[in-house]
Amino acid sequence: MKKINNLKIISTGHYVPEKCLTNEDLEKIVDTSDKWIFSRTGIKNRHVIENPDIENTSDLAYKASLNAINKAKYDKNKIDLIIVATFTPDYRSPSVANLVQAKLGLSHKEIPCFDINAACAGFIYALNVALQMLNSGNYKSALIIGAEVITKFTDYTDRNTCVLFGDGAGAVILEKTLEDKPAHFFTASQGELDKLIYVDEFVHMNGKEVYLFATSILEKSIKKVLNDTNLSYNDIKTIIPHQANLRIIQTVAKNLGLDMSKFFINIGEYGNTSAASIAIALDEFMMSPDAKPNDKVLLVGFGGGFTYASAILTI
Ligand code: UT7
């Protein structure tokens, strides 16, 4: 029997750059069409930075954090742990989390700040690490961020990948709690599948293979976390999947016998923002009238690695 850990979501926030890159804009750059992109992926738009010298991953992460802090009028000095999930950091070192600490004016605090790279599953991985650290009793308040500037690594001559990705960041402030707010995680990876999607100078992907893997692993990850908690679909208010392709989510819904209304979808506006995708969607769900105290939400994602993860949180 797994130990039950409680986790309280104090606040959530997100930030995306103002500049938009629509399907029509992409039609002028590569041999593609709005019809192809929308019908194959569900994407209409993405938010993208103007220039990484002016706006980079840490800036998006900082703005998403400020959004979360301001919404709850939270005393930022309480934060004693910062983790950023990203595969597109400003530098190889220092971490984006270090830069966010400085931007928030928390450099005087001797707190651990570090990044996690688990690609599109990174935000769930980071939440899981935060849960363990909060429950160690050594930390009280964690700022967890998923942030990406994927356009830095996008080859705009490759129509197979460039139509998919956007930039953005989502943040959550978590505290350990004595309230009944159980949190459960499943985090895993299959390292031998590294070549299906990888990043060097640019993102490279075998779309078809990733698609097939994604549908089966999302189904498996959803079932796993429900099984581990003895919960059913009826106990879950909404499933927040990684927003990679609407058709992947539709296939998963069909195979699980679920209505699409059970899934939170925002891919049309943002495209695939990797580690930021679930974080942005979680904030948008939390701001919606559908979110009620003590609802259970199921997060599920997959990405390069392959990594995959799911979680059930009580809001
Ligand atoms: O965050 C996690 C990582 N990524 C994913 O989850 C992506 C998973 N894969 C996918 O979402 C889909 O495989 C894609 C959206 C990437 C591609 O869709 P598809 O239905 O699997 O298309 P395809 O790769 O089989 O390509 C079909 C055709 C090809 O033309 P031919 O060979 O049939 O003549 C492609 O060259 O579509 C062509 N094509 C395009 N046409 C117009 C590929 N990209 C484009 C494009 N515009 N942007």
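Just so you know, ligand 1 is whichever comes first in the structure, and atom 1 is the first atom listed for that ligand.
- Not one N or O of Ser33 is nearer than 3.5 Å to an N or O of ligand 1, by distance alone.
- Residue contacts with ligand 1 for Ala244 involve side-chain atoms from C-beta outward but no N, CA, C or O (heavy atoms, distance under 4.0 Å).
- In this structure, atom 8 (C) of ligand 1 has a protein heavy-atom contact shorter than 4.0 Å.
- The nearest heavy-atom contact from the protein to atom 27 (C) of ligand 1 is Arg40 NH1, 3.7 Å.
- Counting only heavy atoms of the protein, atom 14 (C) of ligand 1 lies nearest to Asn245 ND2, 4.5 Å.
- Residue contacts with ligand 1 for Val30 are absent, since no atom lies close enough (heavy atoms, distance under 4.0 Å).
- Within a 4.0 Å radius of atom 11 (O) of ligand 1, the protein contributes one or more non-hydrogen atoms.
- For atom 25 (O) of ligand 1, the closest heavy atom belonging to the protein is Lys208 NZ, 2.6 Å.
- Protein heavy atom closest to atom 18 (O) of ligand 1, with residue, atom name and distance, is Trp36 CH2, 3.9 Å.
- Under 4.0 Å from ligand 1, heavy atoms of Tyr211 appear from its side chain as well as its backbone.
- Annotation: Phe213 is in aromatic contact with Phe306 [ring centroid separation under 6.0 Å].
- There is a protein heavy atom closer than 4.0 angstrom to atom 48 (N) of ligand 1.
- Heavy atoms of Ile197 found under 4.0 angstrom from ligand 1 belong exclusively to the side chain.
- Taking a distance limit of 4.0 Å, we find that atom 32 (O) of ligand 1 is approached by no protein heavy atom.
- A cation-pi arrangement is present between Lys44 and Phe38, with the terminal nitrogen or guanidinium carbon under 6.0 Å from the aromatic centre and inside a 45° cone about the axis.
- Contacts with ligand 1 closer than 4.0 Å are made by side-chain heavy atoms of Thr41 only, the backbone lying farther away.
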